[in-house]
Amino acid sequence: MFLTLVVIAAFCVTNALANFTSYEGYKIYEFKAENTTQQETLEILAQNDAYDFFTRPRIFGLPIRVLVAPADQLQFQQTLEAAKIAYTIVNENFGQSVEVERKLNSMYPKQRNAAPGSISFDVYQRYDVIAAYMEELAKRYSSRVKVTSIGDSYEGRQLHAITITNGDGAANKNVILMDAGIHAREWIAPAAALYVIQQLVENYKQNSRLLTSYDWIIVPLLNPDGYEYSHTHERLWRKTRKPVTIICAGTDGNRNFDIHWGKVGASHTACADTFRGQTAFSEPETQALRDLMHSLTGRAKFYLTLHSYGNYLLYPWGYTSALPKNWRDIDDIARAGAAAIKTATGTEYTVGSSTNVLYAAAGGSDDYALGKAQIPISITMELPSAGQQFDPPLSKIEELASETWIGIKAMAENVIEKYKSAIERKKPRKLRFKNVGDTQTCIYS
Ligand code: 0X9
Ligand code: ZN
């Protein structure tokens, strides 16, 4: 009996490993576009689904990184050389790096160093641990924290949203709405969202001013199926997991929102990484976020979606190079975030509209928040890579998350100041006393 169990266990482990995409021999190239001709060549290359463009800034001189499979490398290099684009190979064997990260990440007990009811930032936590942490917070801090499910993922995982308040019971305060993890492989984003949750809940005393007139609603893992898949099967998985054809599964959640859906920068090929979906809102995950946004219309003033990587604070529109009417307001807030981070750690962020500084891509949640759900400040934050694309080393998770929190705090403070909650506008007016003749008259100011 024991032997049978051992054999079954060994088979399962081997099988799980066999199912893990190896990326053996894949190389990561880095280069910069220095002029319009080079930029055009890169845009043509980026249309080829065989090349995985990790980032593709439109600003000349910013680094672009691409992952290329062994069979495609020669042609890729020749195209760059023909366009006189100088490149370096920053990773000769991506497969090896993935293997190292995977071993390290699974080596530690998941809650290492974390006190009960807390969470640690020394590994990339899995769905179950994240869910358990949120449930525990709701139990321990029941007057200030509520955890709800805003829907189920395709594979049936609950999409948890945590509502954090100061516990004063006031209804209808303004809201800061945040999410992370719509793109499965961007592991640092859910980690940073968890850090925000930890700060607002466990470190409440220090951050209570952020909750006086605003509630925060955070969905730290919007695409749990994809996230789990990127841990167990394919490190670079980006999309959701609902099957589309017999061969290909998954839709890019950030191309699936119904705002100029599919117009630009979104693929109609099911196997592509930027597949827009069979219809707008074809995915339960994007439907859930859409419904949450609409349920907060009028209250939500700031929508922040965390991604990685590249150090950008992006705002609408993603479907056109034109800017929204209130772009100056959004730009001011994003710049306040960037400045706070720069002062604290020296890390620099590029700020601008996503079409103008990164690339045009329609159907994003940020465009939808502003254009359809009327959330006036809508920002996409692309976190840093710590030199390792989607794999910041485990030792850097906490540092990156706390740096990100500094930027988020600064942006939130500015939003709170700019859009006063009804609760503040209706504050009881102060009584003052004024001497009128020799009597004291009570007046309101
Ligand atoms: O392409 C994206 O969805 C985002 N970049 S990422 O590398 N994390 O995939 C940028 C989204 C910017 N917003 C819109 N295009 N709407
Ligand atoms: Zn992303």
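Counting convention: from 1, in listed order, for ligands and their atoms alike.
- Residue contact check for ligand 1: Tyr319 places no non-hydrogen atom closer than 4.0 Å to it.
- Ring to ring, Phe257 and Phe281 are close: their centroids are under 6.0 angstrom apart.
- Counting only N and O atoms by type, the side chains of Ser153 and Asp225 include a donor and acceptor under 3.5 Å apart.
- Between the Zn ion (ligand 2) and Glu382 there is no N/O/S contact shorter than 2.8 Å.
- Looking at every heavy atom in both residues, Arg255 comes nearest to Thr274 through CG-O, 3.7 Å.
- Neither the backbone nor the side chain of Trp317 has any atom closer than 4.0 Å to an atom of ligand 1 (non-hydrogen atoms only).
- When the shell of 6.0 Å around NZ of Lys242 is examined, it contains more than 12 heavy atoms from other residues, nucleotides or ligands.
- Residue Arg185 forms a salt bridge (charged side-chain N to carboxylate O under 4.0 Å, His left out) with just one option from Asp52, Asp391, Asp252, and that option is Asp52.
- Here the Zn ion (ligand 2) is the vertex; the ND1 atom in His183 and the OE1 atom in Glu186 give an angle of 110° (to 10°).
- Taking atom 5 (N) of ligand 1 as the reference point, the nearest protein heavy-atom neighbour is Glu382 OE2, 2.7 Å.
- In Lys146, the NZ atom is not crowded: 12 or fewer heavy atoms of neighbouring residues, nucleotides or ligands sit closer than 6.0 Å.
- Taking distance alone, with nitrogen or oxygen atoms compared against 3.5 Å, Arg238 approaches ligand 1 more closely than that limit.
- When the Zn ion (ligand 2) is compared with the N/O/S atoms of His307, atom ND1 turns out nearest.
- The Ala361 neighbourhood of ligand 1 comprises atoms 14 (C), 15 (N), 16 (N), with distances under 4.0 Å to a heavy atom of that residue.
- The closest heavy-atom contact to atom 3 (O) of ligand 1, among the options His307, Arg255, Arg56, comes from Arg255.
- Heavy-atom distances between Ser308 and ligand 1 reach below 4.0 Å in at least one pair.
- Residue Ser354 touches ligand 1 through its side chain alone, judged by heavy-atom distances below 4.0 Å.
- For the pair Arg235 (side chain) and Thr232 (backbone), a donor-acceptor distance under 3.5 Å is absent.
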